[in-house]
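Remarks on the structure that follows.
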Protein chains: 2
Amino acid sequence: MNTHTIAGGGQLRLRVAEASDIDTILALIHELADYERLAHEVKADADALRDTLFGDRRYAEVLIAECASQPAGFALFFHNYSTFLARPGLYLEDLYVRPAFRGQGIGGRLLAHVGALAVRRGCGRLEFSVLDWNAPAIEVYRALGAQPLDDWTTFRFTGPALQTLATRYET
Amino acid sequence: MNTHTIAGGGQLRLRVAEASDIDTILALIHELADYERLAHEVKADADALRDTLFGDRRYAEVLIAECASQPAGFALFFHNYSTFLARPGLYLEDLYVRPAFRGQGIGGRLLAHVGALAVRRGCGRLEFSVLDWNAPAIEVYRALGAQPLDDWTTFRFTGPALQTLATRYET
């Protein structure tokens with residue numbers, strides 16, 4: 001059911017990642033960060049991924065795309081929530097296909113699979129963020145019907161700013 | 001510990017919401033939507049809030065701010081996840097203070113409380129989105145050390161576009 005014949009005639013398999021995939025996931029995260037020109041931001045290691053993805057509390061879900069048993073890409077997502085809908089959504093944190101496997105519709109298959117999970121789980125939305133310079137990706141997402149939330153900007157507290165905020169009212 | 005003397009001398013209490021607060025939460029969501037000029041987007045009702053916030057799976061957490069036992073505002077948040085950090089974060093979906101209770105630092109207290117939870121839970125980040133026209137709020141967040149993620153745009157599949165995506169490869 002999750003095996004598909006893709007452009008070029010190869011077999012694509014989408015499967016839920018297991019703890020034994022940690023090294024693959026870590027390698028894919030590093031490749032994605034390189035592609036996004038954000039390699040300097042990667043602090044992840046195998047132990048931290050194991051704890052947070054396959055430990056007592058699992059903060060995200062991971063799908064692996066395989067072609068002929070080779071990892072071709074991955075999707076990582078978690079539930080968010082809309083108060084206006086009073087329904088959960090899915091937030092796609094990462095979607096990545098290795099260069100050697102591009103142009104065969106694998107990214108679209110991963111995205112559609114996550115979209116189908118969102119519908120099956122009663123989610124109102126599937127959301128994700130795209131780097132503004134990534135015009136080819138943006139074109140694909142728009143063509144599929146995704147709408148940009150142009151009126152909103154995301155802000156982040158991290159590092160010392162988060163520590164300062166957290167202790168602001170301590171005496 | 002979660003009771004504070006605020007500007008003007010009143011007592012502010014921050015407490016975790018319970019199922020008996022559903023009507024209050026719903027009223028606050030409607031007020032927030034009015035403020036954001038998005039009242040037309042609110043589909044939430046009491047049953048859906050009860051199912052998703054206080055049911056078998058709780059998709060978000062809610063803090064209520066009270067002054068003299070009157071609801072003054074609320075914060076609603078959930079865990080997100082960063083692959084680059086291999087750590088969870090907190091995402092603040094809603095932060096709202098009723099007009100009659102503004103100017104006393106209640107919003108800052110709610111925000112700092114969520115920030116302290118993020119630190120205590122080992123989160124790497126506290127994130128939230130702000131409407132671009134809401135300059136007064138943006139100024140406050142920047143002054144507290146929040147950084148805008150200016151290079152990113154969030155995209156959303158919802159409604160028919162999500163249905164179409166989900167069934168794209170079905171035969």
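What you see is a predicted model, and the numbers here were worked out from it, not measured in a lab. Here is how names work: the chains are called A, B, and so on, in the same order as the sequence lines, proteins then strands, and each is numbered from 1. Hydrogens, waters and symmetry mates are skipped; everything else that's a heavy atom, side chains included, is used.
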Pick whichever of H30(A), R125(A), Q163(A), R57(A) has the most heavy-atom pairs under 4.5 Å with chain B. R125(A)
What part of E93(A) is in contact with chain B, defined as an atom under 4.5 angstrom from a non-hydrogen atom: side chain, backbone, both or neither? side chain
So what's closer than 4.5 Å to chain A heavy atoms on T83(B): side chain, backbone, both or neither? both
CZ of F157(A) to CG of L92(B), rounded to nearest 0.5 Å, is 9.5 Å
Contact part of R50(B) toward chain A, heavy-atom cut-off under 4.5 Å: side chain, backbone, both or neither? neither
One should read off an interatomic distance between L165(B) CG and Y141(A) OH, to the nearest 0.5 angstrom, of 10.5 Å
Tell me, for R142(A) versus chain B, whether the close heavy atoms (under 4.5 Å) come from the side chain, the backbone, both or neither. side chain
May I ask you to name which of A116(A), A86(A), G115(A) has the most heavy-atom pairs under 4.5 Å with chain B? A86(A)
Distance in Å, D150(B) CG paired with T154(A) OG1, rounded so as to fall on 0.5 Å steps: 10.0 Å
Interface check, chain A: of V130(B), I29(B), V42(B), T164(B), most non-hydrogen pairs under 4.5 Å belong to V130(B)
Checking T153(A) against chain B: side chain, backbone, both or neither under 4.5 Å from a heavy atom? both
D151(A) versus chain B, the contacting section by heavy-atom distance below 4.5 Å: both
Under 4.5 Å from any heavy atom of chain B - which part of R168(A): side chain
Identify which part of F78(A) has an atom lying under 4.5 Å from any heavy atom of chain B, answering side chain, backbone, both or neither. side chain
Do L95(A) and F74(A) belong to the same hydrophobic cluster, where Ile, Leu, Val, Met, Phe, Trp and Tyr are linked whenever their side-chain heavy atoms lie under 4.5 Å apart, directly or via other members? no
Among A60(B), P88(B), A33(B), residue most engaged with chain A (heavy-atom pairs, under 4.5 Å): P88(B)
Which atom of G145(B) lies closest to which atom of A161(A), heavy atoms considered: O-CB, 3.4 Å
At a 4.5 Å cut-off on heavy atoms, which part of L76(A) comes close to chain B: side chain, backbone, both, or neither? side chain
Grab the two heavy atoms, one from E36(B) and one from F84(A), that are nearest each other, plus how far apart they are. OE1-CZ, 3.4 Å
Separation between OG (S129(A)) and CD (E127(B)), nearest 0.5 Å, reads 8.5 Å
How far apart are the closest heavy atoms of G108(B) and Y169(A), and which atoms are they? O-CE1, 3.6 Å
State whether the side chain of T158(B) and the backbone N or O of G124(A) hold a donor-acceptor pair below 3.5 Å, judged by distance alone. yes
Establish whether L49(A) and Y59(A) are linked, either directly or via other cluster members, by ILVMFWY side-chain heavy-atom contacts under 4.5 Å. yes
Please classify the contact between L111(A) and chain B as side chain, backbone, both or neither, with a heavy-atom cut-off of under 4.5 Å. both
Indicate the atoms forming the closest heavy-atom contact of L85(A) with E41(B), along with that distance. CD2-O, 4.4 Å
I'd like to know if L32(A) and F101(A) are part of one continuous hydrophobic network [Ile/Leu/Val/Met/Phe/Trp/Tyr, side-chain heavy atoms within less than 4.5 Å]. no
Quick check for you: to the nearest 0.5 Å, what is the distance between T52(B) atom OG1 and Y81(A) atom OH? 2.5 Å
Top contributor to chain B interface from A146(A), G89(A), A48(A) [non-hydrogen pairs under 4.5 Å]: A146(A)
Below 4.5 Å from any heavy atom of chain B, which atoms of D51(A) appear? Answer side chain, backbone, both or neither. neither
Proximal component of L90(B), with respect to chain A [non-hydrogen, under 4.5 Å]: neither
Tell me, for N80(B) versus chain A, whether the close heavy atoms (under 4.5 Å) come from the side chain, the backbone, both or neither. both
Evaluation steps, side chain to side chain contact (heavy atoms under 4.5 Å, CB included), between L131(B) and W152(A): CA-CA 5 Å; L131(B) 280 158; W152(A) 296 85; 3.4 Å; yes
Does V140(A) share a hydrophobic cluster with L162(B), counting links as ILVMFWY side-chain heavy atoms below 4.5 Å and allowing steps through other members? yes
Top contributor to chain B contacts, counting heavy-atom pairs under 4.5 Å, from R87(A), R109(A), K43(A), H79(A): R109(A)
Check the hydrophobic clustering (I, L, V, M, F, W, Y; side-chain heavy atoms under 4.5 Å; chains of links allowed) and say if L126(B) and Y91(A) are grouped together. no
So which residue, A166(B), P160(B), S82(B), ends up with the most heavy-atom pairs under 4.5 Å with chain A? A166(B)
